[in-house]
Structure formats: structure tokens, C-alpha cells
2 protein chains.
Amino acid sequence: MKKEKVRERIIRVASELFYKQGYNSTGINQIIAEADIAIGSLYNHFSSKNDLLQAYLVKEELDWFEGFENSVSKISEPKEKILALIDYRKKLQETSKFAGCQFIKIVSEIGEGNPSVSGFARQHKEKQKEVIRTIVNEYAAQTKQADPDLLAENIFLLIEGAVITSTINRENNSFDQVKKLVRGLLP
Amino acid sequence: MKKEKVRERIIRVASELFYKQGYNSTGINQIIAEADIAIGSLYNHFSSKNDLLQAYLVKEELDWFEGFENSVSKISEPKEKILALIDYRKKLQETSKFAGCQFIKIVSEIGEGNPSVSGFARQHKEKQKEVIRTIVNEYAAQTKQADPDLLAENIFLLIEGAVITSTINRENNSFDQVKKLVRGLLP
DNA sequence: GTCTATAGCTAGATAGAC
DNA sequence: GTCTATCTAGCTATAGAC
């Protein structure tokens, strides 16, 4: 295992804090304290707090898709892939103690006050939806599904609803109920 | 029309700012400037910024249910009530320029850092779900629905997903797709 | 490239005159 | 009960020694 470089440590620490506490509630001073570096070092690697925020979003997107690929790589059946995606989001909620989706959170906090952030989040969610659409199209090719795009959109919405609901309620029932419905939608 | 009292004006101004900009991004100084009062007056009516936050949440909950009642009061068919609820959330998104759900936003921003806030949001969402459950049970009584609670849960999740997605994408397509699916689920 | 010291500003909150 | 003046603490960011 290579030694973690300073820049990577900063991103890791900042990401954890932005995610758990929120971006505005996380100060530069807290980041440098927990990363155990001086403030001059931080500003040597990042030009501003907003610059760190961009690095956070890039990292979270990479992690998301990496984790997703690991979750479905051994599965060939489209229907099982969808169920594995739901289980993946469920697992992310558990391991983060129901901290929610990073991209929903940052849009909720900053919104259109920072267009590059909201634009990034928009693109990220579009990629997630595209993943679902691809799988549903595989499924539709096998089973003559009536309207695969509508189906993909609604599976996406159900999962998003489950994530936000599980965040608010701090429990994961919603994912199981989504799985029940999705099993019905994908007979 | 009675003259708006100072306390009401503070709550109105603060609510708009908390909703549009976020709670942490809204300063006391901005609130008193836009409400056109002195800071001493604000702290005469509210003991802290957190106290204002509580008043904001109470107000938004009242407004939500008042608006909902207005939207469905003239409708008797359960299925149409569900569709009217979806249209209500859609209209809220349009009139707020896709600012999203106040309760999802505040939980995303503050989370468990303020348990009384997250608890309030949790209860609010439970009330929304109860509304759906009541309507779906009416529907089930007429049509021998297999599992009305599962159906209600999934309609709730679809709507939450549509709200968050319409907020991120700044357009309302999701609600129309939810309506299509719900029409299928309520034959 | 990492450090310390600090500038410059804004936050939430309080005191006391009127 | 509304006002002005002010406190303390925190913020992001920069300067300059090493």
C-alpha cells in the first residue's frame, strides 16, 4: 500500500466532513486540524474551499461507480442487476449511517447558488439514470417490455425516493419495499 | 386584510431566505435588512436563529397541508385525489422555481446535527405518507387491492423521487412519468 | 512545500439608551 | 419593543520565514 500523499489526505478528510457535517458547517480550520497539516499547505494544494468542493464531488462520483461496478460485475441477469443496484444503495446508507446521497445533499445546501456544483450533480444523476436505462433495455430485449424508458425512469425515481426516505427515517425499510414493487414491474 | 405584525414579517422573510438560500447561508443581518427591522427587535421576538428555524418549519408544515386541502377538497374519487396530490407537488415546484422540499433540504443541510429539526422533518414526512395511506385505503375498499400499504409506500417514494429529481433537473417531467405509472398501479 | 502569524471580514448574540 | 453600538468568536485567505 502506497503511502497516502498530503493532497489525497486533505481530500479524504474534507470529503468525510463535507458529507457528514455539510459543506457550510465545515471550516477550513477543522479540515487542517483533522488532516494534521498547516493552513499554508492546504492552500498550496487547493486554491480555495470551493476548489476542495470540486475535488470532493469528483472523488465521490468515482467511488460511486467503482462501488457499483463491484456490486454487479458478477451478475448477468438484467433483473438481478437492478436488484443489486438497489442493494448497493441500501448498503451505502447502512455504512454511512444514513447520511444520504452526497449529490442530493450538496444541491440541497447550495442549490443554484453555485451552478458548477448543481450542474455536476445533475450530470451525476443523469449517469445513474443511464445505468438503469441500459439494464432495463437489456431486460426489455428479452421480454418485450412495453415502455422501457418509462420503466427505467420510474425505477430511478423509486430508488431516489428510497434514499431520501431512508436518510430522513434512519432505517432501510424503503429499499425492501422498492424491491417488492420492482419485482412486480419486472416479471 | 390585517396589517402584518412584526413577528409575522420576520418569519415570512426568514422563511423565504432559509428556503431559497439555505439556513447556513442566511445570516441574521440579511434577515433584519430585508425585514427592515433592527437586530434588537429580532431578538425581542426570537431567542436565537435556531428559534427562528423552528418557526419556519412549523409555518411550512401548516402551509403545506393547507395547500393540499385546497387541492383535493373538491375531489371525491380516491384515484383522482392521488393524481391531484402529484399535481400539487408539481405545482409547488413550479411556483418555487424548483427549490425543492423544505424538509428534505433542511435535513440534507443540518441532518442529525440538530435532532429536533430532523425529528420534525421525520414527523412531517410521516404525516404526508399517512395522507397517501388514507386515500389508498379508500381506493382499496372499492377495488379489493392486494396490498394497499405497499402501494401507498411506493406512491410516496415515487413522489419523493420526483420532487428531488425535479429539483436537481429544474424541470417537471418526473411528475408526469410518476402519474403514468400510478395510473397503471391504480387501474 | 510546509510552517506560523495575522489580515480582513462576517457570524450570532448582547447591552443599554430611548 | 424598537433602536444603535458593540462584543467575541469564527470564518476564508494571504504573507513571508524557513
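All chains are named by letter (A, B, ...) in the order of the sequence lines, taking the proteins before the strands, and each is independently numbered beginning at 1.
With hydrogens and angles ignored, the 3.5 Å screen pairs a side-chain donor or acceptor of Glu171(B) with a backbone N or O of Asn173(B). Not one N or O on the side chain of Glu160(B) forms a donor-acceptor pair closer than 3.5 Å with the backbone of Ala162(A).
Side-chain atoms of Asn24(B) and Glu109(A) form no donor-acceptor pair, as typed in the model, at a separation below 3.5 Å.
Considering CD1 of Ile132(A) and CD1 of Ile159(A), their distance stands at 4.5 Å, rounded to 0.5 Å.
A cation-pi arrangement, defined by a distance under 6.0 Å to the six-membered ring centre and an angle within 45 degrees of its axis, is absent between Lys90(B) and Phe175(B).
Contacts of Ile39(B) with the nucleic acid, taken as non-hydrogen atoms under 4.0 Å apart, include base atoms.
Near-neighbour residues of DNA chain C inside residues 9-36 of chain B, defined by a heavy atom below 4.0 Å, number-ordered: Thr26(B), Gly27(B), Ile28(B), Asn29(B).
Side-chain contact between Leu150(B) and Gln177(A): present, with at least one pair of heavy atoms (C-beta onward) separated by less than 4.5 Å.
In this structure, CG of Leu42(B) is placed 15 Å from C1' of dT4(D), rounded to the nearest angstrom.
Counting 5' to 3', DNA chain C first comes under 4.0 angstrom of a heavy atom of chain A and last does so at the ends given by dG1(C) to dA5(C).
For residues 20-55 of chain B, the ring pair (Phe, Tyr, Trp, His ring centres under 6.0 Å) pairs, not counting sequence neighbours, are Phe18(B)-Tyr23(B).
Ring orientation note: the planes of Phe103(B) and Phe120(B) are close to parallel, at an angle under 30° on the 30°/60° scale.
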